[in-house]
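Below is one structure, written out as structure tokens, with a few remarks after it.
Count residues from 1 along the sequence.
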Amino acid sequence: RTISVLKFPHIVCAFSMTKKLLFAILLFLLTSIPFQLLAGIAVVGAKHVKASTDSKFRLECMLIQPEAGFSVRLEAASPTALLKKYHIRATDAEVVEGATYSNGAWVLQEPELNCGYIVEKGQGLSEYYWLADYSSSPLPQGELYAAYSPDSPCDRIILSTKGGFSSWTYYSPDGTAGQLTREFQIRYFNALFSEEDFAFKIQEKEEQLVPQENTLQMLAPLADTSFRLIGDKYSAIFEPNFKSLESNMIPSQRLEVYTRYKVLGTSENKTSEGSREDGLPSALSAPVSVKMEAVANEPAAQRYIWRILPAGNESEEGTPLLIFTGKECEFTFDKAGSFVLFVEVGARNGSCLLQSDKKTITIGASRLEVPNAFSPFSSPGINDTFRVAHNSIVSFQGAIFNEWGNKLYEWKDPNEGWDGTFRGKPVDTGVYYYIIHAKGADGKEYNLNGHINILGYGDVGIAPNPVTP
């Protein structure tokens, strides 16, 4: 008898829910099985860890600390899947004697380590395993010695021990030698720069180092420090009670320097035509004073020398505008052009040097413009001072006269101006005269004269000539 499921929709729903439940259970079981079993290998009775995988050859590398009675199980579908062993090349592999087949796996009792095993599944398919003996290359014992690299005495540190820092060699099936990744944990003190405080601060740091030629090599710290070996990436498993090794004290020789700049003043209100990230305007007007500060990792850094050179002539043979010894200095630029600023820092050992990043300051060409009218009394706060507009004016002298040639006002700072008074009292509206002599940072001379109109409430028809400061 046929039953229509359309008459029983709850059956379809229950069947769908059952499938979802079964899938969830299967997913849980698969993710709960230890990875080593999924990979086809299990170690019983000994500390062990998966060290690496060579996907090209389907090679699994296992690191084992051998103990009496330990065993290794290698998954095999049937006893016809041959088990072989090799030392360098898989083509030279020999059948393993003494292995037993049980519950879908070959079982090896206290197998030879530092060699490879092959499970041949037929039809050209095989699984490869390399079993490495952790105890053949344990953590170093004895003294830890630190020294600067002969090839990079200002930048690199070499750590060594009597037995050396080594890893474990394995061979891919084609005979290619490789090293199991081993990272040694080193603690030391370093000086780290704080941009907020503009200073270096000492902090403890930990670094993972891979052996190179039986030594550990690293960038030299910026602080005086010793180095402490606290273990490697496997020591928590194999040597949890490892007693750390501490090296001799190394005085820092590597240098790091930071600079900052501050514009202290200019001859005009507007000093910049856009700013850069280093805090310096992209263009300045002379005369302008700039404060230069440097900080380096002391006591390694012992000597600071500031230099200012014309742009494009930064070689040692160039004629500097400034050579100053010290961490801070100030310099007033009164010539037009582009100039390069940098500091050189010397280490206490007398041989390690570092030059800061070079910064460029551009002093713009000179400009001087004079307005022809202002209204000091009729519109308070608006155009009520007679003031020139200028860039890079290094000398200035101006005077205001009435129609009879009497001097009413004089000034020597182009940032200042006339407020339309004489002896503290407002002058009448009308026409007055100015004479100005000035010189620019680029050497250009200005000899200007003309008239000024003081506008009142009823003055119309006179178009003032405003200028941009």
Side-chain angles (χ1 to χ4, degrees), residues 262-275 280-291 330-337 361-457 459 462-469:
K262 182 179 180 181
V263 177
L264 298 180
T266 65
S267 62
E268 58 180 0
N269 293 327
K270 184 181 290 185
T271 63
S272 170
E273 297 177 3
S275 295
L280 286 176
S282 57
L284 290 166
S285 176
V288 58
S289 296
V290 175
K291 182 178 181 180
E330 297 177 10
F331 186 77
T332 299
F333 294 86
D334 58 4
K335 301 255 189 260
I361 281 184
T362 298
I363 306 300
S366 66
R367 175 178 73 101
L368 182 61
E369 297 179 10
V370 184
N372 66 356
F374 72 116
S375 53
F377 317 119
S378 60
S379 55
I382 301 175
N383 194 30
D384 51 10
T385 302
F386 173 77
R387 182 182 290 116
V388 301
H390 62 95
N391 289 97
S392 295
I393 297 298
V394 295
S395 67
F396 179 91
Q397 185 169 357
I400 305 293
F401 301 88
N402 63 15
E403 59 183 322
W404 296 286
N406 297 320
K407 184 186 294 184
L408 305 181
Y409 177 76
E410 66 178 339
W411 72 113
K412 296 184 179 181
D413 184 347
N415 287 319
E416 297 178 357
W418 184 38
D419 62 0
T421 65
F422 177 66
R423 295 179 179 175
K425 295 181 180 181
V427 300
D428 295 333
T429 59
V431 179
Y432 295 82
Y433 303 89
Y434 66 84
I435 296 176
I436 294 175
H437 301 287
K439 185 175 182 179
D442 51 7
K444 183 177 180 180
E445 294 187 356
Y446 297 84
N447 295 295
L448 307 176
N449 60 80
H451 66 273
I452 319 157
N453 288 281
I454 294 183
L455 307 179
Y457 287 104
D459 291 315
I462 299 178
N465 175 33
V467 295
T468 302

### Query
How are the rings of Phe386 and Phe374 set relative to one another: parallel (under 30°), tilted (30 to 60°) or perpendicular (over 60°)?
tilted
Keeping [X] on the side-chain end and [Y] on the backbone end, is there a donor-acceptor pair under 3.5 Å?
X	Y	answer
Asn391	Arg367	no
Tyr409	Gly398	no
Asn453	Leu455	no

### Task
Could you tell me whether the side chain of Asn415 reaches within less than 4.5 Å of the side chain of His390, counting heavy atoms only?
yes
### Task
Using the test side chain to side chain contact (heavy atoms under 4.5 Å, CB included), find all partners of Asn402 that sit at least two apart in sequence or belong to another chain.
Trp404, Asn406, Leu408, Tyr432
### Candidate pair Ile363 and Ser392, rule side chain to side chain contact (heavy atoms under 4.5 Å, CB included), full reasoning
CA-CA 7 Å; Ile363 306 300; Ser392 295; 3.8 Å; yes
Work out which heavy atom in [X] is nearest to a heavy atom in [Y]; give both atom names and the distance.
X	Y	value
Gly420	Pro376	CA-CG, 4.3 Å
Asp413	Trp411	O-CD1, 3.1 Å
Lys335	Ala286	N-CB, 4.5 Å
Pro287	Ile393	CD-O, 3.2 Å
Phe396	Ile436	CE1-CG2, 3.5 Å
Ala336	Gly364	CB-O, 3.8 Å

### Task
Test Trp418 against Ile454 for side chain to side chain contact (heavy atoms under 4.5 Å, CB included), laying out the working first.
CA-CA 11 Å; Trp418 184 38; Ile454 294 183; 3.8 Å; yes
#### Entry: Tyr446: ring-ring contact (aromatic ring centres under 6.0 Å, His included) partners, not counting sequence neighbours
none
#### Entry: Partner residues of His437 under the side chain to side chain donor-acceptor pair (under 3.5 Å) criterion, sequence neighbours left out
Asn447
### Task
Begin from the C-alpha positions of Val388 and Tyr434 and carry the test side chain to side chain contact (heavy atoms under 4.5 Å, CB included) through to its verdict.
CA-CA 11 Å; Val388 301; Tyr434 66 84; over 6 Å; no
### Task
Output the distance between atom CD (Glu445) and atom OG (Ser366), rounded to the nearest 0.5 Å.
10.5 Å
### Query
Between atom CD of Glu403 and atom NE2 of His451, what is the distance when rounded to the nearest 0.5 Å?
13.5 Å
